[in-house]
Number of protein chains: 2
Amino acid sequence: MKTASEKVVHRLILYKKLLKNFQSKSVRNIFSHNLAEHASLNPAQIRRDLMLVGYDGSTVSGYNVNDLLFCIEKFLYPNEIQNVALIGLGNLGKSILDYCYGRHPIIAINAIFEKDPNKINRIICGTRCYHIDDLEIIVKKNSIKIAIIAISSSVTETIAKRLIECGVKSIINYSNACLSFPAEIYVENRDMMFAVEKAAFFSKKEKEI
Amino acid sequence: MKTASEKVVHRLILYKKLLKNFQSKSVRNIFSHNLAEHASLNPAQIRRDLMLVGYDGSTVSGYNVNDLLFCIEKFLYPNEIQNVALIGLGNLGKSILDYCYGRHPIIAINAIFEKDPNKINRIICGTRCYHIDDLEIIVKKNSIKIAIIAISSSVTETIAKRLIECGVKSIINYSNACLSFPAEIYVENRDMMFAVEKAAFFSKKEKEI
DNA sequence: ATTTAATTGTGAAAAAAATAACAACTTTAA
DNA sequence: TTAAAGTTGTTATTTTTTTCACAATTAAAT
């Protein structure tokens, strides 16, 4: 299996999404410049990225949407079903759950963890909510390798350590805490203020040019 | 004003956050390697980034936390208060509102837009919820340049166009739609499935090495 | 049959980003 | 006083990422 940088993987996921849109509009074939336009990228970039997934287009009709999708998915998807843990069922947790529900054929949120007794044992979007004390048991039982942290920052670090301790390899952290772990753990810190501050910086900068 | 890439801006925001943590722990001075450790970055990277903000550290005691923070903030912050519009007050909208409330001295959500009549005119986190039909009036009145879209995808594109039409320069898009606009508009697409799929890819890859 | 037009895959080049390397500096120790 | 230790700012180098450029290919037009 060839390696791929995070950037390339991100773009491949984007291509997959765009291709699904085209597929749903019954578009059969597509050229790199079509994708480029929708992705705001250079066509050569797209062709180069696609070299990774092992599908050759035609010089005449470009890429067959179905076939290319198949190859990208084969490249991106794990072999087996991937269970995801969601930590926290506040507004953010609920919206993540809603958003992800039924979106992906292989990857799905499989367990929710909370400390609020009113939420424990409820089933939301087909997913059971467990007490946070049962984290280790459930994560191990379901071979969960991915976790989404959607709680306030004060306990984030402790929970992240517990997750890694029991086998989690990737953490998506929506809390205010900055997580940082050894390189073999994939951490994506998604502090929502970052996006806003960046947006502010770039909306400002423009005026000054 | 020097230009800065999105990556550099992102890191500067990160340094700011880390420095605030140090400040709250009454740490007075800090070295580039301390920051590097917490940010999982190379110390030279940090020193290079800091060249932009115009603050010189001391070769003996490193950087004064307060002074460096001041310079980073001066570099990052807009000159005037930046009003932000939030589109959608579902679970995600509420969590964004909560999360951002009081977090930043200059940037704040200033108006919420909804179509649900039960939500209109309510005030949440000090912010009034308006009918989506009033978008143009309110955005113009408050000189809003930044918008956060937290609604389902079907109407995202239309709303984004309306936002830009009335002066918005930066959009943070949490919906499933892929927005793409001319380069002078800053768009950050934050489809939450992307993070999960990337996490899945990299948690899988590790096993295969 | 040829030519034209359009596209792909990919090597080469360019651009951007990250890292290394080091002179200059300052304190402390010898 | 001199040497040692440790850090910064910045130049140089390396690595990564993006873009260019073009041979090869194929269908349609002439």
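Just so we're on the same page: letters track the sequence lines, and every chain starts at 1.
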Which donor-acceptor pairs under 3.5 Å do side chains of residues 21-37 of chain A form with protein atoms, sequence neighbours excluded?
| from | atom 1 | to | atom 2 | distance (Å) |
| --- | --- | --- | --- | --- |
| Gln23(A) | NE2 | Asn66(A) | OD1 | 2.7 |
| Ser24(A) | OG | Asn21(A) | O | 2.8 |
| Ser32(A) | OG | Arg47(A) | NH1 | 3.3 |
| Asn34(A) | OD1 | Phe31(A) | N | 2.8 |

Pairing residues for Phe113(B) by the ring-ring contact (aromatic ring centres under 6.0 Å, His included) criterion, not counting sequence neighbours: Tyr130(B)
Set of residues satisfying ring-ring contact (aromatic ring centres under 6.0 Å, His included) with respect to Tyr186(A), sequence neighbours excluded: Phe202(B)
Crowding at CD, Glu136(B) (>12 non-hydrogen neighbours, <6.0 Å):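 Yes, enclosed.
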Whole-Å distance between [N] [atom2] and [X] [atom1]?
X        : N       : atom1 : atom2 : result
Asn42(A) : dT8(C)  : CG    : C1'   : 14 Å
Leu35(B) : dA18(C) : CG    : P     : 16 Å
Ile46(B) : dT19(C) : CD1   : C1'   : 13 Å
Leu50(A) : dT8(C)  : CG    : P     : 9 Å
Lys7(A)  : dA18(C) : NZ    : C1'   : 12 Å
His10(B) : dA17(C) : NE2   : P     : 14 Å
Arg48(B) : dC22(C) : CZ    : P     : 16 Å
Asp49(B) : dA18(C) : CG    : P     : 8 Å

Please report, to 0.1 Å, the donor-acceptor pairs under 3.5 Å made by any side chain of residues 193-201 of chain A, with sequence neighbours excluded.
| from | atom 1 | to | atom 2 | distance (Å) |
| --- | --- | --- | --- | --- |
| Glu197(A) | OE1 | Lys16(B) | NZ | 2.9 |
| Glu197(A) | OE2 | Lys16(B) | NZ | 3.1 |
| Lys198(A) | NZ | His10(B) | ND1 | 3.2 |

Residue from Asn189(A), Ile159(A), Ile151(A), Asp191(A) passing side-chain contact (heavy atoms from CB on, under 4.5 Å) with Asn173(A): Asn189(A)
Bounds of contact between DNA chain D and chain B, in 5' to 3' order, using a heavy-atom cut-off under 4.0 Å: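 Both ends considered, the range comes out as dG6(D) to dA12(D).
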Can you list the residues that meet the side chain to side chain donor-acceptor pair (under 3.5 Å) rule with [X], with sequence neighbours excluded?
X         : result
Thr156(B) : Ser175(B)
Lys20(A)  : Glu73(A)
Arg11(B)  : Asp49(B)

Are any protein N/O atoms closer than 3.5 Å to N/O atoms in nucleotides 5-7 of chain C? If there are, list each pair with its distance.
| from | atom 1 | to | atom 2 | distance (Å) |
| --- | --- | --- | --- | --- |
| dT7(C) | OP1 | His33(A) | NE2 | 3.4 |
| dT7(C) | O4' | Thr59(A) | O | 3.1 |

